[in-house]
Amino acid sequence: MNRIIRNALAVAAVATCAGMSTVQAQSSAPLTATVNVRADQPGPRIHRNIYGQFAEHLGRGIYEGVWVGEDSPIPNTRGYRNDVLEALRKLKVPVVRWPGGCFADEYHWRDGIGPREQRPVKINTHWGGVEERNAFGTHEFLDFVELIGADAYVAGNVGTGSPQEMAEWVEYITADSNSELAQLRRKNGRDKPWRLPYFGVGNENWGCGGNMRPEYYADLYRRFATFIKAPHDNRPERVAGGANGDDYRWTEVLLSRAAPHMEAYSIHYYTLPGRWEDKGPSTGFEEDQWASTLSHALRMDELVTKHSAIMDEYDPEKRIGLYVDEWGTWYDPEPGHNPGFLYQQNTLRDALVAALTLDIFHRHAERVRMSNIAQMVNVLQAMILTDKEKMILTPTYHVFEMYVPFQDATALPAQVETPPYRYAGHELPAVDASAARDTEGRLHLALVNVDPHRRAAVTARIEGARVRAAEGRVLTAGAIDAHNTFERPDTVRPAPFKATRRGDALVFDLPPKSVVVVALRE
Ligand code: AHR
């Protein structure tokens, strides 16, 4: 049968190898795979920002999810709910993108400063048509990222804003002078400027951000980006609004016309089990949707490869970062919830999507230097779900937490030889792997078994290191749609895991449908 050879720092190749029949492949006998890690061939740094989050004014993402206000009975610190703060700190969230999303191109920052009771009430026209009271604005966002130790990535308004409004927002945040805007910030309670490392020039300019053609946006981008000025030690990277999925023409036009004016270029890609008109449910799905979702998630590799190739033409030194600043699963609206709020459950399937996608970003770490999963709390593929005073951690949260050692680690090549997992016309490598050496010199290995029925016996060799043991955690559950609820918050949670040593190799017994992350002891 076919075996797939995947090189962790290069494009996958397919080879044929005899020895297993189709009958064996369908049995519950463990599948066998090998992983060859080159600890002696360090690759690029896996930028911690690959583990970034996205928080939009959408549904209960900000209001209730993060911000409950100082007078709330829900325990809070200056209005931010304590349980969420604590959970996010454990994730070591490196960066948060805000305020949108589609919301960004209708957001006027002056609505969100000054005494809260005097802020204007607007309508959130994109998301549910609900009232936006502007209680969470510039101060609340920038104080929040400081509280969780993350960097700020602010998305500006091109669609309905002006270069002047954008320039003044950046000045309000960063000015250390006695300018009128710096004084206004001080009057509103913040003396010193905040750090502003990243600033996005609009969002989805091809769609909700203005339905623009790339030629038009490229010109607008150059104009708006010109006026983003800040003190030299606090100058944000300017992020150009990029392509929707496989719109390579958009990338070609933007890079050919505006590359010298950008420090980063973004793309968006969402994983759906089905089509936009009929996405599929977040729970209660069958194996066909398990297979379609995971194989659609793997498309990220092709997208990143092809957009990077275009970027290489205009930026061979790789000065410009590719930021996948929206990604994740998107299912049909959860019954009983406002469909405009994009609230969805999060299952073991989402955990595997997260692990496979993070592994792809590791493989492209040279160019992909930020990603922002959509979204942090209560929206789409969330880390955290809340229901009034209750909070649960999702399977996706657990993957992000297990992968923390990869933040800022050095990627190592990991070649995987694995049989495919096939179902309902979908075929993908059954086993995936990613390896890295962290900033303190320790080796880490992540393994994924996408097969929902068969254990995987994985033999791993680590060239260039004498590894004595491997210990860490495994995330799995009984059902493909296993998930945590407010009544049963620990249905899916990590458990201890150990590999065994056989000669100079490590042998991993991966449960079906699982993610394993281990530290390798030398
Ligand atoms: O994440 C939800 C929405 O998806 C964002 O607002 C938009 O940018 C994208 O289409």
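All values derive from a computational prediction rather than experimental measurement. First listed ligand is number 1; within each ligand, the first listed atom is number 1.
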**Item:** Gly101 N/O to ligand 1 N/O under 3.5 Å
**Value:** no
**Asked** Are Val201 and Met262 close enough that some pair of their side-chain heavy atoms sits under 4.5 Å apart?
**Response** no
**Item:** Whether Tyr423 and Tyr421 hold their rings parallel, tilted or perpendicular, with breakpoints at 30° and 60°
**Value:** parallel
**Prompt:** Under 3.5 Å between some N or O of ligand 1 and some N or O of Trp330?
**Reply:** no
**Message:** At under 4.0 Å between heavy atoms, is it the side chain or the backbone of Asn203 that contacts ligand 1, or both, or neither?
**Reply:** side chain
**Message:** Could you tell me, atom by atom, which parts of ligand 1 come under 4.0 Å of a heavy atom of Leu380?
**Reply:** 1 (O), 2 (C)
**Fill in**
ligand 1 atoms nearer than 4.0 angstrom to some heavy atom of Phe54 are 1 (O)
**Message:** Closer than 4.0 Å to some heavy atom of Cys102 - which atoms of ligand 1 meet that?
**Reply:** 5 (C), 6 (O), 7 (C), 8 (O)
**Message:** Is there a side-chain contact between Val379 and Glu56 in this structure, where contact means two heavy atoms from C-beta onward sitting under 4.5 Å apart?
**Reply:** no
**Whether Tyr172 and Trp194 hold their rings parallel, tilted or perpendicular, with breakpoints at 30° and 60°** = tilted
**His57 and Phe103 aromatic ring geometry - parallel, tilted or perpendicular at 30°/60° bounds** = parallel
**Item:** Identity and distance of the protein heavy atom lying nearest atom 6 (O) of ligand 1
**Value:** Glu56 OE1, 2.7 Å
**Tyr331 and Gln381, any side-chain heavy atoms less than 4.5 Å apart** = no
**Message:** If we only consider heavy atoms of Phe103, is any one of them less than 4.0 Å away from an atom in ligand 1?
**Reply:** no
**Asked** Could Glu237 and Arg369 be called an ion pair, given the rule that one side-chain N must be under 4.0 Å from one carboxylate O?
**Response** no
**Asked** atom 1 (O) of ligand 1: which protein heavy atom is closest, and how many Å away?
**Response** Tyr270 OH, 2.7 Å
**Item:** Interfacing atoms of ligand 1 (cut-off 4.0 Å, heavy-atom, Gln375)
**Value:** 1 (O), 2 (C)
**Asked** Which part of Glu326 is near ligand 1, with near meaning a heavy atom under 4.0 Å away: side chain, backbone, both or neither?
**Response** side chain
**Asked** Glu204 heavy atoms, cut-off 4.0 Å: which ligand 1 atoms fall inside?
**Response** 7 (C), 8 (O), 9 (C), 10 (O)
**Closest heavy-atom pair and its distance - Val517, Ala446** = CG2-CB, 4.1 Å
